[in-house]
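Everything on this sheet refers to the single structure shown next.
Just so it is clear, the model here is predicted, and its values are computed rather than measured.
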Amino acid sequence: MRTLMRSWRWRRNPLRRRSDVLEAWTALGLAILLCVGGPLAGIAAGWWAYDEARATAAVQRTERHRVRAEVTQHVPAAVPTSEGEAQPTYRVTVRWAEPGEPPRTDKARVPAGTRIGDRTYIWLDDEGQTVPAPADSTAVWQYTVTAGACATGLVAAGVLVTYVVVRRVATRHRLAEWEEEWTRTGPEWRRHPT
């Protein structure tokens, strides 16, 4: 019985209106678009994002270099964490000297528990400014997955909004068609047999 109830818009019957057929075909098309178009959009966006992120990481690796630096400022002690959880990092003053240049100082992030005099690595750009480390493969994949998921979500949201709009328009047309038919058949129902 459920199959018959679901498919009534597809079969010929006196209750079916033109708006019912339009709504049924639109729902089918949007369902296909949701099931096929959403994942395809996610794959395409992810592919694009992967290429972009890899290119950006490659440029960063060529423009940045790693230098060993000495911590010159007190860092708060390490806090107890659960197994596998990373320690918080703090921005403190570090000192380094590149070959042939005088020592320099700047701020860099170091893990909690680092002591004054400990060595750490910092990244510098071509002008000698401290910069974050180049993106690694984990960051590239995070960017890829995020872009793909967002594209899939946007397509899904667009399809669902389109379905709601089509459904409202179809309902408005259906009510108008019923009203039109009622104006033709209503007077026959109101006649009283005498």
Side-chain angles (χ1 to χ4, degrees), residues 1-64 81-89 109 123 125 131-194:
M1 189 65 168
R2 280 188 174 165
T3 305
L4 293 175
M5 291 297 288
R6 285 187 198 145
S7 65
W8 74 270
R9 289 185 172 130
W10 299 99
R11 295 184 324 228
R12 285 224 170 269
N13 69 54
L15 296 177
R16 187 182 74 171
R17 304 283 182 257
R18 194 174 70 234
S19 59
D20 296 330
V21 175
L22 175 67
E23 183 181 358
W25 279 107
T26 304
L28 178 65
L30 291 176
I32 291 170
L33 185 61
L34 185 63
C35 293
V36 175
L40 285 178
I43 290 169
W47 197 335
W48 171 82
Y50 181 74
D51 289 341
E52 288 293 314
R54 278 191 48 189
T56 300
V59 167
Q60 287 177 350
R61 281 191 298 275
T62 61
E63 293 176 344
R64 299 174 185 187
T81 60
S82 61
E83 189 175 330
E85 190 175 335
Q87 286 287 333
T89 59
R109 289 204 163 275
W123 289 88
D125 62 11
V131 292
D136 59 356
S137 62
T138 302
V140 169
W141 279 106
Q142 286 174 340
Y143 182 70
T144 301
V145 170
T146 301
C150 287
T152 302
L154 285 173
V155 168
V159 166
L160 294 175
V161 166
T162 302
Y163 178 70
V164 167
V165 168
V166 167
R167 180 120 185 184
R168 281 191 173 184
V169 170
T171 300
R172 194 171 344 126
H173 284 288
R174 187 179 308 115
L175 291 174
E177 288 171 350
W178 285 348
E179 184 68 32
E180 181 183 321
E181 277 199 26
W182 183 249
T183 56
R184 286 194 313 249
T185 59
E188 293 178 21
W189 284 73
R190 290 192 190 118
R191 275 191 255 154
H192 296 287
T194 52

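- Between atom CH2 of residue Trp178 and atom OG1 of residue Thr183 there is a gap of 15.0 Å, rounded to the nearest 0.5 Å.
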Show, in sequence, the C-alpha distance, side-chain angles and deciding distance for Arg167 and Val164, and conclude whether the side chain to side chain contact (heavy atoms under 4.5 Å, CB included) test is met.
CA-CA 5 Å; Arg167 180 120 185 184; Val164 167; 5.7 Å; no

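- Scored by the side-chain contact (heavy atoms from CB on, under 4.5 Å) test, Thr56 finds Gln60 as partners (sequence neighbours excluded).
- Residues Val140 and Tyr50 meet the side-chain proximity criterion, which asks for heavy atoms closer than 4.5 Å.
- The CG atom of Leu30 sits 8.5 Å away from atom CG of Leu160, with the distance rounded to the nearest 0.5 Å.
- At most 12 non-hydrogen atoms from other residues, nucleotides or ligands lie less than 6.0 angstrom from CH2 of Trp47.
- In terms of modelled atom types and a separation under 3.5 Å, the side chain of Arg64 and the main chain of Trp123 share no donor-acceptor contact.
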Distance-only criterion, 3.5 Å: show the donor-acceptor pairs between side-chain atoms of residues 32-42 and protein atoms not counting sequence neighbours.
none

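- In this structure, the salt bridge (Lys or Arg N to Asp or Glu O under 4.0 Å) partners of Glu180, at least two apart in sequence or on a different chain, are Arg184.
- Interatomic distance, Arg54 CZ to Asp51 CG, rounded to the nearest 0.5 Å: 7.0 Å.
- For Arg61, there are no side-chain hydrogen bond (donor to acceptor under 3.5 Å, both in side chains) partners, not counting sequence neighbours.
- Looking at residues two or more places apart in sequence or on another chain, you find no side-chain hydrogen bond (donor to acceptor under 3.5 Å, both in side chains) involving Tyr143.
- Under the side-chain hydrogen bond (donor to acceptor under 3.5 Å, both in side chains) criterion, no residue pair touches residues 131-141, with sequence neighbours excluded.
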